[in-house]
2 protein chains.
Amino acid sequence: MNIGDVAERTGLPPKTIRYYEDIGLVTPLRSDNGYRRFRDSDMHKLAFLGRARALGFSIDDCRDLLALWEDQSRASGDVRRIAQGHLDAIEQKIEDLSAMRDTLRKLVTCCVGDDRPDCPILDDLARA
Amino acid sequence: MNIGDVAERTGLPPKTIRYYEDIGLVTPLRSDNGYRRFRDSDMHKLAFLGRARALGFSIDDCRDLLALWEDQSRASGDVRRIAQGHLDAIEQKIEDLSAMRDTLRKLVTCCVGDDRPDCPILDDLARA
DNA sequence: CATAGGGGTTCCAGTCACGGGAAGGTCAAG
DNA sequence: CTTGACCTTCCCGTGACTGGAACCCCTATG
């Protein structure tokens, strides 16, 4: 399979696939003409990566998850730890964003938003 | 005021303040020795920027907000539009993260996380 | 007077995970 | 033979800084 086929099947852009090779996440073979030749195993790895990335795992986490996936004698506890850590980070981010949202909602609600210059949003930013 | 004083009073690191000068958000004066000399107005701008950034506004938004703040004949509607747009983006982000969180929670709950290799998390990533 | 320290300055490189675009090789169809 | 769709490598840009190197300035102390 050439990169275009893999891109279509995994949903990953060719650029991303090349990047993943660059940083050593996959190592496709090469045809005589220099084109990358992907085995099924390469494609499955890339699909795995795509789904892990879609869940927000960092590339470093993905590397670890991939290694655990390949390792038949892994401990599922290691996988869980990574996932739990990521989950914690996401929950923290949601909290931070929710606080911003609440503040912004209040400000937006307070501001009449017409042609006049008086603006509680700017007032708040000017001295909170 | 030197950069250190401003950093302390605004809570912004000196590096960040220099960066903000670099991209034209503030233009402090210079002393004879080459040190930046910040007026009170500079410090207020920086404090304003710090609070806007803390609410998650992009630098570009901050630039616009700062200009509106300085413009006595602004329309508060312009400010509100920026804030509303940012609020929408934040809400979208929270939604995306919440979806990830829900999926991850399920997976983490399903995984026993012991020394055995069986792992629903990896199973899910391997073919969802 | 020398020096030690705690300021400040500039500039360069790195972060994260790619994306855009240039310049050029390869291949199948018309 | 040419067209067009692929593929290749390489380099730069993203956002908003952060770290570090190399160097200057100012004050206080031995």
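Below, chains carry the letters A, B, ... as their sequence lines are ordered, and counting in each starts from 1. All values below were derived from every heavy atom in this structure, side-chain atoms included, with hydrogens, water molecules and symmetry-related copies excluded. Bear in mind the structure is a predicted one, so any value in this text is a computation, not a measurement.
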Next item on the list: Would you give the length of the straight line joining atom CZ of B:R37 to atom CG of B:D32, rounded to the nearest 0.5 angstrom?
Entry: 8.5 Å
Next item on the list: Could you check whether B:I23 gets within reach of a base, just the sugar-phosphate, or nothing at all, counting any heavy atom under 4.0 Å?
Entry: nothing
Next item on the list: Could I get the full list of side-chain hydrogen bond (donor to acceptor under 3.5 Å, both in side chains) partners for A:D118, not counting sequence neighbours?
Entry: none
Next item on the list: Return each pair, listed once, that meets side chain to side chain donor-acceptor pair (under 3.5 Å) where at least one residue sits in residues 101-110 of chain B; pairs must be two or more places apart or across chains.
Entry: A:E91-B:R105
Note to self: Once side-chain hydrogen bond (donor to acceptor under 3.5 Å, both in side chains) is applied, do any residues pair with B:R9, and if so which ones, sequence neighbours excluded?
What the structure shows: none
Item checked: Contact interval (first through last nucleotide) of DNA chain C with protein chain A, 4.0 Å heavy-atom -> C:dA17 to C:dC27
Notebook entry, point to check: Going only through I, L, V, M, F, W and Y residues with side-chain contacts under 4.5 Å, is there a path from B:I3 to B:Y35?
Noted result: no
Next item on the list: Work out which heavy atom in A:E70 is nearest to a heavy atom in A:K45; give both atom names and the distance.
Entry: OE2-CE, 3.3 Å
Item checked: Five-pair end axes of the helix from C:dC1-D:dG30 to C:dG30-D:dC1 and the angle they enclose, rounded to 10° -> 40°
Check: Who are the side-chain hydrogen bond (donor to acceptor under 3.5 Å, both in side chains) partners of A:N33, not counting sequence neighbours?
Finding: none
Checklist line | Evaluation steps, side chain to side chain donor-acceptor pair (under 3.5 Å), between B:Q92 and B:D88 | finding: CA-CA 6 Å; B:Q92 182 59 56; B:D88 292 348; over 6 Å; no
Next item on the list: Mind listing the residues from residues 27-45 of chain A sitting with a heavy atom below 4.0 Å of DNA chain C? Number order is fine.
Entry: A:N33, A:Y35
Checklist line | Boundaries of the DNA chain D segment in contact with chain B, non-hydrogen, under 4.0 Å | finding: D:dA16 to D:dC26
Note to self: With a 4.5 Å cut-off on side-chain heavy atoms, are A:M1 and A:M43 touching?
What the structure shows: yes
Notebook entry, point to check: Is A:R81 salt-bridged to A:D78, cutoff N-O under 4.0 Å?
Noted result: yes
Check: Same cluster for A:I121 and B:L68 if Ile/Leu/Val/Met/Phe/Trp/Tyr side chains link at under 4.5 Å?
Finding: yes
Next item on the list: Using heavy atoms and a sub-4.0 Å distance, could you list which residues of residues 10-18 of chain B are near DNA chain C? By number, please.
Entry: B:K15, B:R18
Notebook entry, point to check: Quick one: do A:R30 and A:E21 make a salt bridge, cutoff under 4.0 Å?
Noted result: yes
Check: Is any NZ, NE, NH1 or NH2 atom of the basic residue among A:D42 and A:R39 found under 4.0 Å from an Asp or Glu carboxylate oxygen of the other?
Finding: yes
Notebook entry, point to check: Are the side chains of B:L29 and B:F38 in touch, meaning some heavy atoms are under 4.5 Å apart?
Noted result: no
Would you give me the side-chain donor-acceptor pairs under 3.5 Å for residues 10-20 of chain B, sequence neighbours excluded?
unit_1: B:T10; atom_1: OG1; unit_2: B:V6; atom_2: O; d: 2.7
unit_1: B:T10; atom_1: OG1; unit_2: B:L12; atom_2: N; d: 3.2

Checklist line | Neighbours of DNA chain C within residues 55-70 of chain B, by heavy-atom distance under 4.0 Å | finding: none
Please table the atom pairs, donor to acceptor, closer than 3.5 Å between any side-chain atom in residues 56-67 of chain A and protein atoms at least two apart or in another chain.
unit_1: A:S58; atom_1: OG; unit_2: A:D60; atom_2: N; d: 3.4
unit_1: A:S58; atom_1: OG; unit_2: A:D61; atom_2: N; d: 3.0
unit_1: A:R63; atom_1: NH1; unit_2: A:I23; atom_2: O; d: 2.9
unit_1: A:R63; atom_1: NH2; unit_2: A:I23; atom_2: O; d: 3.3

Margin query: Looking at B:D115, I'd like to know if its CG atom is crowded, meaning that more than 12 non-hydrogen atoms belonging to other residues, nucleotides or ligands lie closer than 6.0 Å.
Written below: no
